[in-house]
Amino acid sequence: MSDTPANLRYAKSHEWVRTESDGTVTVGITDHAQELLGDLVFVETPEVGAGLEPGGACAVVESVKAASDVYAPVGGEVVAVNEQLADSPELVNSDPYGEGWLFRLKPAGDLGGLMDADAYQAMVDEES
Amino acid sequence: MSKQTPLYDKHVEAGARMVDFGGWSMPLHYGSQLEEHHAVRQDAGVFDVSHMTVVDVQGSGARDYLRRLLANDVAKLKVPGKALYSCMLNVDGGVVDDLITYYLSDDFYRVVVNAATRDKDLAWMREQATGFEVVLQERGDLAMLAVQGPNALEKALSVLEGEVAAAADALSPFVGAAAGDWFVGRTGYTGEDGFEIMVPAGEAPAFWDRLVGAGVRPAGLGARDTLRLEAGMNLYGQDMDEQVSPLESGLGWTVALEPAERDFIGRQALEKQKAAGNLRRFVGLLLEGRGVLRSHMRVLCGEAGEGETTSGGFSPTLGASIALARVPAGTGERVEVDVRGKPQPAKLVKPPFVRNGKACVEL
């Protein structure tokens with residue numbers, strides 16, 4: 001059973017978003033997504049300073065099985081990326097909402113288009 | 001609806017993620033493909049390979065039939081139980097399937113073919129049997145388990161009993177032996193030592209439990225694929241198929257052109273290809289750039305032209321990405337691979353990448 005924390009917002013394409021106290025947002029992929037992908041072996045994060053369009057492909061997570069695009073859940077400027085993933089992509093598997101975060105954005109819009117935990121969990125349940 | 005092997009309930013019990021493979025519901029992994037891979041390289045793992053098709057070839061014409069059917073020559077098999085890897089070709093020299101043949105006696109051979117190609121293989125084998133004194137019998141009553149890894153022999157022997165244990169203990173590499181209704185071969189598809197064990201379907205679940213109880217870790221198709229790729233072993237349908245020659249699939253060593261009078265199916269086509277020359281090379285690639293190599297990526301070989309990866313992935317043992325690829329004759333030692341739209345440097349290496357737990361290529 002996958003974990004879906006209540007304090008996060010979620011995109012249909014299985015990214016999670018957390019609003020930080022400084023107004024930036026942290027983005028990762030959900031527990032459900034990492035479970036579907038299997039063991040991750042390579043993560044390509046966007047560059048710091050890059051401007052992301054909402055819904056645009058901005059990162060790649062590759063598992064033993066396949067490569068998968070990560071889409072920007074909101075638009076904005078990348079202010080930090082998780083450098084640890086270059087050597088330890090498995091952090092996305094072991095701690096998808098913590099050490100396995102992907103990048104941080106200064107958001108250009110609000111998070112209104114995203115789902116809350118209940119809506120995301122309902123979507124996942126329906127898919128499986 | 002996918003078919004289930006006799007071990008289906010065991011997989012579900014062990015928490016496997018089940019997927020369809022060649023019409024069979026099979027375990028992809030039991031939680032972590034990487035851990036299963038490492039278990040086989042460092043200790044022992046067990047794979048359910050009951051989806052593979054066992055065909056007994058019996059009769060006074062069995063030997064002559066197989067010498068016609070297969071590109072490798074079963075006449076090389078002199079010691080009972082000895083196994084031979086071979087391609088089965090069509091008249092154009094394309095690969096219908098690759099298979100293992102165990103020699104039991106001059107009128108009894110046991111052949112193991114792939115699951116995904118079962119129907120066409122059996123149809124082809126029956127069609128070619130015309131005119132030979134031979135009976136083909138599919139052994140759907142047998143389950144098959146592959147126990148692989150440096151500790152596989154010891155752990156498997158600790159749970160085998162009586163005459164099966166005695167037969168297994170006496171096996172040299174690439175030899176098999178029947179013991180009652182069981183059959184044990186010292187063969188595999190991982191680059192590690194181990195056994196492939198055929199067992200009456202009804203006895204398979206209890207045997208599985210005994211292996212797991214002895215510390216053998218269940219491993220799924222995912223690990224099986226990364227292990228065979230590291231071992232430089234071809235996968236039918238990916239690295240070769242009916243459209244390509246074994247001579248361009250790294251399988252020239254399995255084609256027995258001597259003795260010259262043996263007229264196997266596909267021989268004339270292969271002789272023409274050889275005479276024409278300029279055959280594409282089948283090579284290993286080690287990625288030096290970023291990303292992960294996958295099958296069907298373009299390989300940019302400079303002036304020699306372009307090739308294609310046939311299998312690719314991440315090698316857990318090497319911690320790097322590797323691939324098998326078909327490239328033009330005259331390709332140099334360095335190439336670029338189009339990885340998701342970006343050319344990434346890679347170097348040619350000679351498979352296997354890993355054998356018996358050790359890296360065979362320089363990173």
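Lettering of chains follows the sequences in order, A, B, ..., and the numbering in each one begins at 1. In this text the structure is predicted, and so the values were computed from the model without any measurement.
- With a 4.5 Å cut-off on non-hydrogen atoms, B:Ser32 touches chain A through its backbone and its side chain both.
- Look at B:Arg340 and A:Asp69 and you find a salt bridge, because one of the NZ, NE, NH1 or NH2 atoms lies within 4.0 Å of a carboxylate O, short of that distance.
- Around CD of B:Glu362, the count of heavy atoms belonging to other residues, nucleotides or ligands within 6.0 Å does not exceed 12.
- Here the shortest heavy-atom pairing between A:Asp39 and B:Gln33 reads OD2-N, 2.9 Å.
- Annotation for A:Glu47: atom CD does not count as buried by contact number, only 12 or fewer foreign heavy atoms lying within 6.0 Å.
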*Going through the distances and angles, do A:Glu62 and B:Arg290 end up as a salt bridge (Lys or Arg N to Asp or Glu O under 4.0 Å)?*
CA-CA 11 Å; A:Glu62 297 215 25; B:Arg290 288 165 55 77; over 6 Å; no
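- Around atom CD of A:Glu126, no more than 12 heavy atoms belonging to other residues, nucleotides or ligands sit under 6.0 Å away.
- The number of heavy-atom neighbours closer than 6.0 Å to NZ of B:Lys342, taken from other residues, nucleotides and ligands shown, is 12 or below.
- Between the NZ atom of A:Lys65 and the CG atom of B:Leu28 there is a distance of 5.5 Å, given to the nearest 0.5 Å.
- More than 12 non-hydrogen atoms from other residues, nucleotides or ligands lie less than 6.0 angstrom from CD of B:Glu306.
- The heavy-atom pair separating B:Arg17 from A:Leu36 by the smallest distance is NH1-CD2, 3.9 Å.
- Among B:Gly222, B:Ala223, B:Gly291, the residue making the largest number of heavy-atom pairs under 4.5 Å with chain A is B:Gly291.
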